[in-house]
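Before any comments, here is the structure.
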Amino acid sequence: MRLSSIPVSAWIGILGIALALFCAIFAPLIAPYSESQIVGSVWEPMGGQYLLGTDNLGRDLFSRLIFGARTTIFVALAATVLSFSLGMLLSFIAAVTGGFIDQIFSRFNDLMMAIPTLIFALVVLAVLPQQLWILILVMAILDSTRVYRIGRAVALDVAVMEFVEAARLRGEGTGWIIFKEILPNTLSPLLAEFGLRFAFSILFLSTLSFLGLGIQPPAADWGGMVKDNKDGIIFGISAALIPGGAIAALAICVNLVVDWLMKRTSSLKGGRGDA
Amino acid sequence: MSGGGPAHGPELTATAAAGDSPQSAGAAGSVASSGTPFVEARPSIWAKFAKSSPLAALITQRLALSVALLFAVSLMIFGGVEALPGDFATTYLGQSATPQAVENIRKELGLDQSATTRYFQWLGGALQGDFGTSWASRNSVSEQIGKRLGNSLFLAFFAAIISVPLAVGLGMLAVQYRNRLPDKIINVVSLAAISLPEFFVGYLLILFFAVQMGVATFPATVYESMTFGQRLSAIALPTATLVLVVLAHMMRMTRAAILNVMSSAYVETAELKGLSSLRIIAKHAAPNAVAPVINVIALNLAYLVVGVVVVEVVFVYPGMGQYMVDAVTVRDMPVVQACGLIFAAFYIFLNMFADILAIIANPRLRHPR
Amino acid sequence: MPDLLSVRNLKIEATSYPPGEAPRTVTLVEGVNFDVQKGKVLGLIGESGAGKSTIGLTALAYGRGGVRITGGEVKLNGEDLLRLSPSGIRKVRGAKVCYVAQSAAAAFNPAHRLGEQVIEASLKHGIMSRAEAEKRALYLFKVLGLPNPETFGQRYPHQVSGGQLQRAMTAMALCPNPELIVFDEPTTALDVTTQIDVLAAIKHAIEETNTAALYITHDLAVVAQITDDILVLRHGKMVEYGSVKDIIEAPKEEYTRALVNVRGTARDEAPDQTNTLLKVENITAGYSNGFKVLQNVSLHLPKGQTLAVVGESGSGKSTLARVITGLLPPQDGTISFDGTVLPKALKGRTNDQLRRIQMIYQMADTAMNPRQTVRDIIGRPLTFYYGLRGAKKTERVKELLEQIEMGGRFADRYPAELSGGQKQRVAIARALAAQPELILCDEPTSALDPLVAEGILKLLLKLQDETHVSYMFITHDIAIVRAIADSVAVMHRGKLVRFGPKSKVLAPPFDDYTDLLLKSVPEMEIGWLEKVLSTRRMESAGN
């Protein structure tokens, strides 16, 4: 793959993600103030001493935005990695072993998917204590149902290919078949799917935080910052829109990269013609 | 769901148009199995029925599946809450409560009975429309839901009648100009739109239309004494938000569904018959595209019902979503369970509706061999 | 007589989008000239990629999926179709020129009844009234030998068989009384015994209605039965153009000669057929729903020899291979290999038992992991069965590549970088790497172009001489059976109808099915179709 073959839209996406990651990693070095330090009066305007103004408690919005990138990306990424590992593992086991195990996994997955994700999360989070690892786990488990669905479909597509049958006939074990025969052929659709799930996780986490069920104050995260500053909207204070815009921008960037990955995947598949 | 979109998130994948509900997998499976020519060795009454009218058999199956699913979901919502750690009585009274007080409150809430008994009481009540009493307000849950469900449906209904024609129209426009400028613009804009969280769109609209221009009202409170016109004006912004959020998804899926049909061999045949493009679309593409497009619409409507949750919170609109979110914050379990069950039921039945339409639209099932 | 269709200097281009590269324009067809007279049939013949379908569609001024006609002229009755306005082209399509696709199953709209689709073009072009069109459709259904012609039009596409759909598509093309029909491989997807009927029906219908036709196929024997002239194409260019007689009996170009002679090889069977390697006894197999794909099949295969298993789709011949490999454990019966009974299921077999039976598939594309190099593909059995690694493995891979006439420089390529024939050779090398005693070959040449297929068959015979491996060769092609088999098994609907040495199986007296099968295979002989049809008529008259 040559760099010149990457379209402009994907470059925008890659640069946006890189910028967000940079902010997340080096947050304490870039941010002029600390995460929860009250530096001025409530809702000071943009420009001047505070680049983006201050929030509902008089904290520096720019600094909180940078620290928020850290929390939001970390939690979303952790949830995505977890959901992906779980979903892929179970779906590949189901696709390769088939039969009873496949039935059990798939029916249970259908059941989980019969409840809309947000509603499911609301019910579960109403009961569980508000802790970060629980939030990540709940997000990961709910999202893994979608990964399972895609993973199983993709793996089954490959598992019925004759080269997999040839490997079985040779006497290869399940491990070889999953890791050496199936996995390499599913990487590019799964990479695109990973991006899609990551974008979804960012939005999902922000929504939960916005509803007051995600990351708990005083830690800064973008969804929570919208919630903190939403009352300013009526007075024409746009502080809530800045973190909201950051969420949208990051999600758009991820989706731009995903869009490019998908197009690449579909052109790689090629046509076998319709007979 | 979050702003990113429906729970059936991966619409962008190639399989999207085929229907992305959890149930369509089951239905597709049953379609496939009924398609095989092998009949069971021992023909039962059901097998005979399935053979003589596969359409009715499949629809019956699909209905039964939905009911079973709903039952399982009720078990999950109730059982999940039971199995998860945390004592509600303690939560309810706070950590400093005396054991005696905790004991009393447990009795009052019925928590001293066995879980099975309480489940059947709850389910039996739910079937009759009685969801018990709210722990927080001591009001009847059903009464509250009765008021709020109507408000939510009112909002979702208007969002639907605006977004559905718009989405289908734009999807057709994108197909008409496929790979040309209008299609590319629609693609980029819709890609951006599916990345916007609902609350961002909502506050953007509020800041612009309600605060700066002053042409819309915020918050979008509705109450019983309002006239129909006042109600409409109150829900203008929340409706616009929902439309914007659901439109992009629906449009992208519609485009994919129509493109799929337009690239089929029978459309080429029609073209090689020298038919006009209008006739090709109306007579040859449309009958085959209707089912997938309806499926897309139903799936997105299922999402719409859920998407109202965030929008209601943003606009302080007295609907089911806000009710549920408030209940979750104070851990008011009867309300959470009731709302969860009702949302899940809408979701399941809209998905079922989509599948049944797809089954009916399939000529192979309508006209068995 | 003036030409009905006259094509001059045709040039066709397309834009290809290689992943990760800038789009580029490729020339598909260049410098093609031909004429079709009224009532005559021209055959376009060539291998895949020769551009024959693309040329055929130019008679309707149509380019499929981004294909553009960029030069030359296509004159129908003196009028250049390439200069017509879109509405002018529409008046030609479906009225003066009609099209019959390879896959009628996909080309019919699933939502409408067959009859409606057959008469649609006639009505919409105002050629005839509904009553006239329905009458003509009925007439055509009869001419084409469709069952229950009165009610046939009431049915939906999914309610009739593939052979019937192909005939219905021919009726659809003939209905508006066109001057020219383009047949695009109309019988390729059909079984050989169905093909002959469809072929006869098409020929009869063309003659009856005196319609001109372009007949596109890769099978010279088929085209010899139905056309007046032949145009041989290769890589989008003309190779040879002449009358059927000239092309079949006196081909001038080397490529044409090779095509004509491709089925010429035959070998004598091995005299001694006693030293049994594989013994299949009373095998019954099927799926859990009770459907039996194989019923009581028994056969055997001597060491170092070739057993050809012949049958049409659905005969159970591939299932037999799956049962022997253990992928589908039989419900009843035993399989013995070199004197020992094999465990029924794959899981029960030892690695050595697996090593001794290898398999080659029809589609080499899907039989090799696209993410592995040729070295990995061939090297894995060496490591797995013999523990070879490093230099020893590299050396052995090179030897195997030499053996399949490819050479060590291919070792680092991926399957996508190989041609169809090369892929199949690599698949053969993978099988050889295990040093098997039996190779199950599941139609390994049927997806390949005839000349490439012949090369593969020769390679297989050479390898058998060198290594004394046995083949069980599954095929639907009698010519291949003649070329390579020592013994033959004929299968039909899951049953073995005939089994024995080739000389006995392929010689009379025949059972009904073998007779039908043998007589259905088109031969490279002008007038063969008439001969077969007249003997059939005589037989049925005699009955």
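Residue numbers begin at 1 in each chain, while the letters A, B, ... track the order of the sequences.
Open room surrounds CZ on B:F353; 12 or fewer heavy atoms of other groups in view lie less than 6.0 Å from it. Atom CG of B:L63 is surrounded by more than 12 heavy atoms from other residues, nucleotides or ligands within 6.0 Å.
Shortest non-hydrogen contact noted between A:L111 and B:A72 is CD1-CB, 3.3 Å. Of all non-hydrogen atoms in A:A126 and B:M333, the two that sit nearest each other are CB-SD, 4.2 Å. Of all heavy-atom pairs between B:R252 and A:D259, the closest is NH2-OD1, 3.8 Å. When all heavy atoms of B:M76 and A:F120 are compared, the pair lying nearest together is CE-CZ, 3.6 Å. Looking at every heavy atom in both residues, B:S195 comes nearest to A:A251 through O-CB, 3.5 Å. Nearest approach of B:F200 to A:L241, heavy atoms of both residues: CE1-O, 3.4 Å.
A:L211 contributes atom CG, which lies 10.5 Å from atom CD of B:Q322 (distance to the nearest 0.5 angstrom). We find the CD1-CG distance between B:I194 and A:L196 to be 7.5 Å, quoted to the nearest 0.5 Å. Rounding to the nearest 0.5 angstrom, the gap separating the CD1 atom in A:I233 from the CG atom in B:L204 is 8.5 Å.
Heavy atoms closer than 4.5 Å to chain B are found in the side chain of A:L213, but not in its backbone. In this structure, chain A has a heavy atom under 4.5 Å from the side chain of B:N187, while its backbone stays farther away. Contact of A:L256 with chain B is made through backbone and side chain together, with heavy-atom distances under 4.5 Å. Both the backbone and the side chain of B:V73 come within contact range of chain A, each with at least one heavy atom under 4.5 Å from a heavy atom of that chain.
Contact annotation: the side chain of B:V314 never approaches that of A:K230 to less than 4.5 Å [non-hydrogen atoms, C-beta and beyond]. Side-chain contact between B:V310 and A:L118 is present, with heavy atoms from C-beta onward closer than 4.5 Å. In this structure, the side chains of A:I115 and B:Y347 stay at 4.5 Å or more apart for every pair of heavy atoms. In this structure, the side chains of A:P116 and B:F346 stay at 4.5 Å or more apart for every pair of heavy atoms. Side-chain atoms of B:V309 and A:I119, non-hydrogen and from C-beta on, do get closer than 4.5 Å to each other.
For the options A:S9, A:S106, A:G212, A:G245, heavy-atom pairs under 4.5 Å to chain B are most numerous at A:G245.
Ring-plane geometry between B:Y203 and A:F210 is classed as perpendicular, the angle between the planes exceeding 60 degrees on a 0 to 90 degree scale with a lower cut at 30.
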